[in-house]
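Throughout, residue positions are numbered sequentially from 1 according to the sequence presented.
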Amino acid sequence: MNLFGYIHRYKRLILALTAMFMLLGIASWLTMARQEDPSFPYRTGTIRVVFPGVSAEQIEKLITEPLEEQLAEVEELRRVKSTSRDNVAIFVVELLDRIYDTDAAWDRVRRAMEKAEQDFPKGVVEYVLEDRRMDIPAAVISIVGTADILELAHQAEILKRQLLAVNGVSRIEIEGDPEKELRIDLDSAILSQLSINRDQVVVAIQAHNQIIPGGVVRIGDHALRVDTGSDLQQKSDVESIPIRLATGQYIPLSAIAHIAFVAREPSAAQTYHNGMRSVSLGIYAKRGQVDAIVFGEQIRQRIDAVRADYQPLEIVETFFQPDYVADRLEGLQFNLLGSILIIAITVIAALGWRNGLLVAGVLPVVAIIVLALYNLGGGVLHQIAVIGIVISLGILVDNAIVVVESIVQELQAGRSRREAVESAFEQMAFPLFTSTGTTVAAFIPLLLSKGGTGDFTRGIPVMIILSLLVSYVISVLVLPLVAERLVGIPKHDNQRWIKKISDKLIYISRYKAKLALLLVVGVMALTIMAFPLLKLQFFPQADRNQVVIDMALPGDSSLERMAEVSAEVEQKLLARDDVVGVMRSVGMSGFRFYYNLLATIDSTNSARLMVNTRDMAANQAVIDWITHDIQTALPEATIIAKRLGQGPPTPAPVELRLQSDDPSSLYQAADQVLAILNALPETTMIRSDKDSGLAELSVNIDKTIAQELGVRRDTGCC
């Protein structure tokens, strides 16, 4: 028995397996994880070191250089970019493109940080690595409705605990929280009258804020834990701390001080929703495990269930990723169905309705089975994966056409249906395997490519290769079994117009070969000549009615000044008819609402505005208005407005980096480069990360005189 005999013998098993995979594919479509864009490996992280009261030069010498030396020993690192500023050092750390086990690489970075920390001076208050900066919140929810920012922060914490119960939530981050602190303002006049000094008050507070374990007391067969109540847990505990007077009597701390919860100073970063002060929650879903659309519905249901509990405060959606996922995948679904319909019409017109439907039926079968295999392999449904299926449709139908046409030719030669199918299988199985293999091989380099571009586009070769392989299996194993009963012999009249066209082309190629070759060369020449007229762009702009605006003031600007300037821009934006909403983050870049949006370094002189426009056409109008009108009206600010784009994150289309050990020469060269770039008519939105820094007051103490007077440098007293 030949190979096809075995296939025919187990045809019920083959058809049953095909049906099973189709059912699995349909179930995968309904249940698999969904997101708008592919996820990138965690190859980018930031290290933040805070050392209060230290200049940028000291930060570089004491913090930046020791840490850079240790990080240089980590072989997985591709690049380390450090920024030394007054009080803080920021490191942007990038792993090599070939690194996919990022957790192990970041562990080595942490070990290098621990070694560097041994050389740090005392006084470092923050030293943290963030290696999950690539995550995008599924939703950003803001609480507004009062000027009491502490109340907003308190309600945000309550809402956070309620939303953590939603299935699929990975974590929730809060931004715009003023970081509440308990402030004790002593009344100097009363202290003087009662002969109490501040040190006495501090000692009393410290004495009453100690955690002293009470232990466990056994009473028979039972145990009783003893709570000593030795630490301060509430505001009333602080108010009631006894302060000893010179007479030996005690008075509560509240009698000599005003005690209240206030926002931390200096002011923390701020967030605003359409001009109203807000506290925002970024809700992150479990990566690659959640259907974003269903997840969004669950988040909305939970918020609607508790919304009334927060009145008169409002809970508003600042950003909701599931809506974009639904719109994008819905559009791609129509594209997929439209492509199948167009191909079906084409093959029906060429092969006749009976054979055409037989060939066209392969398309949805292959697409559904590919989806099942993709889901079994842990794939996530996103726009790149669907695009890969759409691209593969025109390729995978070739195998089915060849098989059906081969069977038709055998039937026209007078063979029986069984003989025709068996002969077509023997003739076409290996040639189709070869042609499919060569096509698959063409996409292997794209599949094996590394880096951000390869990670973003990998869904295309994966889906195409899967489609080609499944198409071969279906066309060679399943299609002949079905065609044995359903294939028809087309009448000559039905293909008369096709035969006329093919005969004409054959005639031209045989008897007018020079003319045909000349026509082909001419078309190729015209195509090559027209190529320079095309605008080249590797990745297109994002189809979102959103604009991101980054603002920066000189380095010595306060957070309050940045809030004032950005609020002015925000109000002008809200006054435009083509703007429907603005989220403003002051002192930070805020939540990443798009996958390739770069986060800026948190600083008091920076702000970011996320602008929701009325439609796509309004994006460029807003950008032009910001670039020409607003930038001109605020010359002290650097304002960059841009649309969102596809592909790996990049700070700008062109990035120049200047290096020098001499700061003055570096600043001078940077000014020269900026002047040259600004003079070019083709350039726009030019900026640099050069920081003017803060003015410095130098205090030079005469050590000899200070020692004679008994004045110490650290305390100013004896």
Side-chain angles (χ1 to χ4, degrees), residues 36 136-137 139-145 175-176 269-282 296 314-328 540-553 561-600 606-646 684-685 687:
E36 185 179 9
I136 307 170
V140 177
I141 308 298
S142 298
I143 299 182
V144 298
E175 289 191 349
Q270 305 170 2
T271 57
Y272 296 82
H273 177 83
N274 290 341
M276 297 181 291
R277 185 68 185 273
S278 67
V279 174
S280 301
L281 294 86
E314 295 182 60
I315 302 176
V316 295
E317 293 179 2
T318 300
F319 168 72
F320 207 73
Q321 178 72 14
D323 287 344
Y324 292 100
V325 177
D327 292 342
R328 179 58 56 88
Q541 298 291 340
D543 296 331
R544 282 199 182 190
N545 54 332
Q546 288 180 318
V547 173
V548 58
I549 301 173
D550 286 323
M551 301 182 60
L553 290 175
R561 175 56 181 165
M562 187 72 255
E564 178 184 348
V565 173
S566 60
E568 180 181 349
V569 176
E570 180 185 45
Q571 293 303 318
K572 292 181 179 180
L573 282 167
L574 292 172
R576 291 177 61 95
D577 294 335
D578 51 4
V579 173
V580 297
V582 178
M583 178 183 179
R584 175 165 55 102
S585 301
V586 182
M588 61 180 176
S589 57
F591 292 112
R592 296 175 67 245
F593 58 92
Y594 196 61
Y595 73 94
N596 70 353
L597 189 62
L598 291 172
T600 60
S606 65
R608 171 171 286 176
L609 288 80
M610 181 193 75
V611 183
N612 293 320
T613 59
R614 192 166 302 280
D615 50 42
M616 291 287 297
N619 288 351
Q620 193 59 45
V622 171
I623 293 174
D624 293 340
W625 175 71
I626 289 289
T627 304
H628 299 106
D629 296 358
I630 300 300
Q631 180 65 85
T632 303
L634 298 172
E636 76 276 17
T638 301
I639 307 177
I640 304 298
K642 59 183 180 181
R643 296 175 58 183
L644 302 173
Q646 301 282 6
T684 182
M685 293 186 291
R687 75 274 194 189

Task: E314/I143 under side-chain contact (heavy atoms from CB on, under 4.5 Å): CA gap, chis, key distance, verdict - done: CA-CA 6 Å; E314 295 182 60; I143 299 182; over 6 Å; no
- [ ] Show your reasoning for whether side-chain contact (heavy atoms from CB on, under 4.5 Å) applies to L609 and L573.
- [x] CA-CA 10 Å; L609 288 80; L573 282 167; 3.8 Å; yes
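Side-chain contact between I136 and F593: absent, with no pair of heavy atoms (C-beta onward) separated by less than 4.5 Å. Put simply, the side chain of V582 does not reach to within 4.5 Å of the side chain of N612, judged on heavy atoms. The side-chain heavy atoms of E175 and F591, taken from C-beta on, include a pair separated by under 4.5 Å. Between F319 and E317, every side-chain heavy-atom pair lies at or beyond the 4.5 Å cut-off. Between I549 and I640 the shortest side-chain heavy-atom distance does not fall below 4.5 Å. T318 is listed as a side-chain neighbour of M610, based on a closest heavy-atom distance under 4.5 Å. With contacts defined as side-chain heavy-atom distances shorter than 4.5 Å, the pair V140/F320 does not qualify. At least one side-chain heavy atom of V569 sits under 4.5 Å from a side-chain heavy atom of I626.
There is no side-chain donor-acceptor pair under 3.5 Å between T271 and S585. Checking E36 against Y594 by side-chain atom types alone, no donor-acceptor pair falls below 3.5 Å. Side chain to side chain, N545 and T613 fail the donor-acceptor criterion of an N or O pair below 3.5 Å.
The structure places CD of Q270 at 8.5 Å from OG of S566, a figure rounded to the nearest 0.5 Å. Rounding to the nearest 0.5 angstrom, the gap separating the CG atom in L644 from the CD atom in Q546 is 6.0 Å. Separation of atoms OH (Y272) and CE (M583) is listed at 12.0 Å; rounding is to 0.5 Å. Between atom CG of residue D578 and atom CD of residue Q620 there is a gap of 12.0 Å, rounded to the nearest 0.5 Å. A distance of 4.5 Å separates CE of M616 from CZ of R643, quoted to the nearest 0.5 Å. The line from CD of E564 to CG of L553 is 10.0 Å long, rounded to the nearest 0.5 Å.
More than 12 non-hydrogen atoms from other residues, nucleotides or ligands lie less than 6.0 angstrom from CG of D615.
S278 and H273 get closest at one heavy-atom pair: OG-N, 3.7 Å. Of all the heavy atoms in S280 and S142, the pair that sits closest is OG-OG, 2.9 Å. Among all heavy-atom pairs drawn from H628 and D624, the shortest one is ND1-O, 2.8 Å. The two atoms that bring V144 and R277 nearest to each other are CG1-O, 3.8 Å, heavy atoms only. A pairwise comparison of heavy atoms in A641 and V547 identifies CB-CG1, 4.4 Å as the closest pair.
At least one donor-acceptor pair closer than 3.5 Å links the side chain of Q631 to the backbone N or O of L634.
Under a 4.0 Å N-O distance rule, the pair D550/R608 qualifies as a salt bridge.
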